[in-house]
Amino acid sequence: MNSQNVQEGVAMLDTVQGPVYRPGDEGYDDERTGFQTAGPHRPSVIVGAVDADDVRAAVRHAAEHGLPVAVQNTGHGLPLTADGGLLISTRRMTGLRVDPEARSVWIKAGVRWAQVVEEAAKHGLAPLSGSSPGVGAVSYTLGGGVGLMSRLYGFAADHVPAIDVVTADGRARRVGPGDELFWALLGGRANFGVVTGLEIGLVPVPHLYGGGLYFDTAYIPDILEAWRTWSATAPDAMTSSIALMPVPDIPVFPEPLRGKHVAHVRIAYVGDDGERLVAPLRAVGPRLIDTVDEMPYTASGTIHNEPPVPMAYHATNVALDRLDEETVGDLLALVGPGSPDRAILEIRHLGGAMAKEPSVPNAVGNRGAEYLVGVLSKLGPGADVEALHTRVGDALERKASGRLLNFLFGANATPEQVRASYEPEIYERLAGLKAVYDPSNMFRLNHNIPPSG
Ligand SMILES: Cc1cc2nc3c(=O)[nH]c(=O)nc-3n(C[C@H](O)[C@H](O)[C@H](O)COP(=O)(O)OP(=O)(O)OC[C@H]3O[C@@H](n4cnc5c(N)ncnc54)[C@H](O)[C@@H]3O)c2cc1C
């Protein structure tokens, strides 16, 4: 470690218990780097917070020095590079406490879903976690949270009884239902402060009927069409998605998939008649791999089977009110097996309980969307990713009903796309509250909602 730089940092932030890093310090690169490795940021100072007091000290320091503030846990979201700003890294804040009676868990800012899933399972409970166990539970929930059981239970944000947050004035506050800041944080995320802890609801679902159905290239048009019509009438207890992906011919992937463009249907069903429900999809053709069966919720990360290793990628995601044949045809032409572009297409089925207003209102936008379409490209030499994503954006834009905040990826998210993540009245109310709680827009290194006026 470059002790001179670190000492200088500590002297300026002398009450902080965790490490403080500046460019050039040993540990700086590791601390600033997360899952998304495209566009790494270069903050002028990083505070590796260990508790809420460290977060308060960091926010006060930033206010004193006029620095913009960014927050990072796992780096799965990386909305904007925090160049020149103060980055609060929460990865050391990993405490959690399950209350089995209340069916809830208090989680600190650095907790990932894998940890919550494991602890909740000891009490026969499960969180409303998403496709990847490596994602940070706090940011996921503040951004809405589209989970494996969301069509049955709604957004993860709809099941939050209390939030601990440090606001731009350096105050630590606990907020709950009825507080305007509580409403704003659940959907407005990092715009309103650094959340240091969150209480989230758990559900009594120790098992799922779930897994993946993998079909070979020749079956892609049929399974896509079968899933499209099947999902439109699926019960709320069924949450599913489909992905089309070119699988590299390398040993890290299962042998039956290697070198093929495959369709992967992901199933998560809470109920006893899953086999009957999934039968029309299996009837489309033979599966290269079929893992759909009764599974403990602790195995739910295998449903999407997303890679845990950091990578550089570009993604375009839009929400749709309906998925028609024409849209599916356009997507197949753009990123299907015949396309020269090697990209992953994912379509998630939304709706169900997500479309309903929660018992305690929050600022999560675009509840009415029925599908979420995303195209993801790994960045690498020779790939003209920008051009492909412009074409995908153009094809989907006229059909889009909006965006979902959690699926606005990287620096390619424009202010218009942030705005499109909310209904106009929600956005205006958020901008008004931003003017109250963060009038100088200290928290702007995010999917930013500038203060109104
Ligand atoms: C592989 C993969 C799978 C995913 N699956 C799903 C899914 O199934 N459902 C879903 O809804 N989303 C999903 N997402 C999106 C994910 O929920 C968001 O990107 C989320 O913001 C990631 O949070 P993080 O802490 O892991 O990432 P980070 O990059 O560390 O955080 C993202 C942003 O959240 C804000 N933030 C982080 N911590 C705090 C805090 N303590 N207080 C206030 N703001 C904070 C900051 O602005 C930060 O830049 C997925 C993303 C990836 C890459």
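As a basis for the values below, the full set of heavy atoms in this structure was taken, side chains included, without hydrogen atoms, waters or symmetry mates. Ligands are counted one by one from 1 in listed order, and the atoms in each one are counted from 1 as well.
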Candidate pair Trp227 and Ser240, rule side-chain hydrogen bond (donor to acceptor under 3.5 Å, both in side chains), full reasoning: CA-CA 9 Å; Trp227 179 80; Ser240 68; 2.9 Å; yes
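- Of all the listed residues (Ser139, Gly77, Ala109), Ser139 holds the heavy atom that lies closest to atom 21 (O) of ligand 1.
- Within the 4.0 Å heavy-atom criterion, neither part of Phe192 lies near ligand 1.
- Residue Thr74 holds the heavy atom nearest to atom 24 (P) of ligand 1 of all those in Val69, Thr74, Leu405.
- Close contacts between ligand 1 and Ser131 involve ligand atoms 3 (C), 4 (C), 5 (N), 6 (C), 7 (C), 8 (O) [criterion: under 4.0 Å to a heavy atom].
- Considering only non-hydrogen protein atoms, atom 9 (N) of ligand 1 sits nearest to Val146 O, 2.8 Å.
- At under 3.5 Å, a nitrogen or oxygen of Val195, whether backbone or side chain, sits near a nitrogen or oxygen of ligand 1.
- An N or O contact shorter than 3.5 Å is missing between Asn446 and ligand 1 by distance.
- Ligand-side atoms of ligand 1 in range of Ser132: 3 (C), range being under 4.0 angstrom from any heavy atom.
- Centroid-to-centroid, the aromatic rings of Tyr297 and His207 stay 6.0 Å apart or farther.
- Where the criterion is an N or O separation shorter than 3.5 Å, residue side chain and backbone included, Val135 fails it with respect to ligand 1.
- The heavy atom nearest to atom 3 (C) of ligand 1, out of those in Glu306, Gln72, His304, is found in Glu306.
- Checked against a 3.5 angstrom limit, the closest N/O atoms of Leu142 and ligand 1 fall outside it.
- For Leu148, no heavy-atom contact with ligand 1 is shorter than 4.0 Å.
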